Engineer: 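This is the structure I have questions about; it appears just below.
No experiment lies behind these values; they were computed from the predicted model shown. To find a chain, count down the sequence lines: A is the first, B the second, and so on, and within it residues start at 1.
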Amino acid sequence: MRIATWNVNSLKARMDRVLDWLERAQPDVLLMQETKLGDDDAPLLPFRMRGYEMVHHGEGRWNGVAIASRLPIDASSVVTNFGDGPVRDSGPGSATNVSEEDFNPFDEARMLSAVVADIRIVTLYAPNGRAVGSPFYTGKLAWFDRLERWLRDNASATDALVVGGDMNIAPTDADVWDAAKVHGGTHVSADERAAFAELLSWGLVDGYRSIRPESGRFTWWDYRAGNFHKNYGMRIDHLLLSPPVADRLVWAEIDREARKGVPIPSDHAPLFVDLDERGTEVDAGWEGALQRIAARTRR
DNA sequence: ATGGTGGCCCGGCCA
């Protein structure tokens with residue numbers, strides 16, 4: 001079973017790239033972020049024609065998250081915005097921006113979850129934060145607090161769980177091209193990294209890092225200044241796996257090819273994990289599962 | 001050191 005995540009930076013603008021990638025990479029489940037669509041504009045039919053159901057949670061002009069799956073999505077399991085109610089409409093004709101004082105990441109379409117193949121999938125688009133210490137940064141940290149509370153209240157690390165997406169956090173200095181150059185900025189601050197570490201201490205495993213120890217592997221590169229070609233990037237997109245899922249992990253990869261070419265693709269590359277075909281029931285072998293994961297993880 | 005690019009939709013915001 002292949003589970004992927006990709007910040008597509010406008011699903012409308014990237015439709016051809018995304019559909020081509022589905023054909024090439026054959027993910028069973030694709031978590032998407034920054035679709036920049038309202039739900040009424042979600043392109044359900046083109047995905048359906050390729051065998052993928054899609055659930056979408058959007059607001060119009062910005063943000064927007066989705067799950068596409070060629071395994072059945074349990075419609076009764078869908079959760080949006082941490083179950084906290086509707087998000088704002090940022091589509092045409094609506095207010096186009098909010099002041100710092102009015103910024104509230106919970107007004108925005110950043111969280112969608114559904115159960116697929118007995119695994120609870122969570123697709124996340126974390127706030128960017130803009131500048132350390134700004135209200136947007138404070139809101140980012142509050143948003144991670146809400147995520148952690150939602151996990152505590154609605155899930156257990158003994159559940160089969162994949163929490164993925166554009167987290168906008170590079171967990172360690174090995175996840176950025178130059179720690180000195182990014183020091184002081186968002187994505188790498190101590191508080192953001194603590195929020196990420198909190199997810200791991202709750203019980204989630206960083207799927208990619210758990211089996212890929214090398215530095216210099218990124219999921220995002222700024223469009224500007226030829227950063228992609230210089231590999232000036234950050235590993236800010238993640239697939240965090242609860243132990244029953246992590247125990248099935250056989251491979252993880254970032255498809256850098258998808259960041260290349262014309263017309264220009266998203267500034268993020270897709271990340272995927274491959275799981276073996278065992279089920280996710282590990283009750284009988286829980287300790288063994290944890291030991292296998294620990295033995296495999298090299299940090 | 002600054003500014004570089006690309007999405008939204010058409011002036012400026014957001015990443």
Engineer: Please list, chain by chain and in numerical order, all residues satisfying ring pair (Phe, Tyr, Trp, His ring centres under 6.0 Å) with A/H187, sequence neighbours excluded.
Structural biologist: none
Engineer: Just the rounded figure in Å: distance from P of B/dA15 to CE of A/M234.
Structural biologist: 14 Å
Engineer: Which pairs count as ring pair (Phe, Tyr, Trp, His ring centres under 6.0 Å) when at least one residue sits in residues 164-183 of chain A, sequence neighbours excluded?
Structural biologist: A/W177-A/Y232
Engineer: State, to 0.1 Å, how close A/H57 and A/R110 come at their nearest heavy-atom pair, and which atoms those are.
Structural biologist: CD2-N, 4.3 Å
Engineer: Run the side-chain donor-acceptor check on residues 40-53 of chain A: report pairs under 3.5 Å with partners two or more places apart or on a different chain.
Structural biologist:
from, atom 1, to, atom 2, distance (Å)
A/R50, NH1, A/P46, O, 2.9
A/Y52, OH, A/P27, O, 2.6
A/E53, OE2, A/I73, N, 3.3

Engineer: Would A/W143 and A/F82 count as a close aromatic pair, with their ring centres under 6.0 Å?
Structural biologist: yes
Engineer: Just how far, in rounded Å, is P of B/dC14 from NE2 of A/H268?
Structural biologist: 17 Å
Engineer: Generate the contact string for nucleotides 2-10 of chain B. Rules: B means base contact, S means sugar-phosphate contact only, - means no protein heavy atom under 4.0 Å.
Structural biologist: --BBSSBS-
Engineer: Could you check if a side-chain atom of A/Y137 sits within less than 4.5 angstrom of a side-chain atom of A/T186, using non-hydrogen atoms only?
Structural biologist: yes
Engineer: Determine yes or no for a side-chain-to-main-chain donor-acceptor pair under 3.5 angstrom, with A/N81 supplying the side chain and A/F106 the backbone.
Structural biologist: yes
Engineer: Please list all pairs meeting side-chain hydrogen bond (donor to acceptor under 3.5 Å, both in side chains) that have one or both residues in residues 21-31 of chain A, counting only residues at least two apart or in different chains.
Structural biologist: A/W21-A/D255, A/R24-A/D255, A/Q26-A/R70, A/D28-A/R70
Engineer: Looking at residues 125-144 of chain A, who's got a heavy atom less than 4.0 Å off DNA chain B?
Structural biologist: A/Y125, A/N128, A/R130
Engineer: Taking atom P of B/dA15 as reference, at what distance in whole Å does atom CD1 of A/I236 sit?
Structural biologist: 12 Å
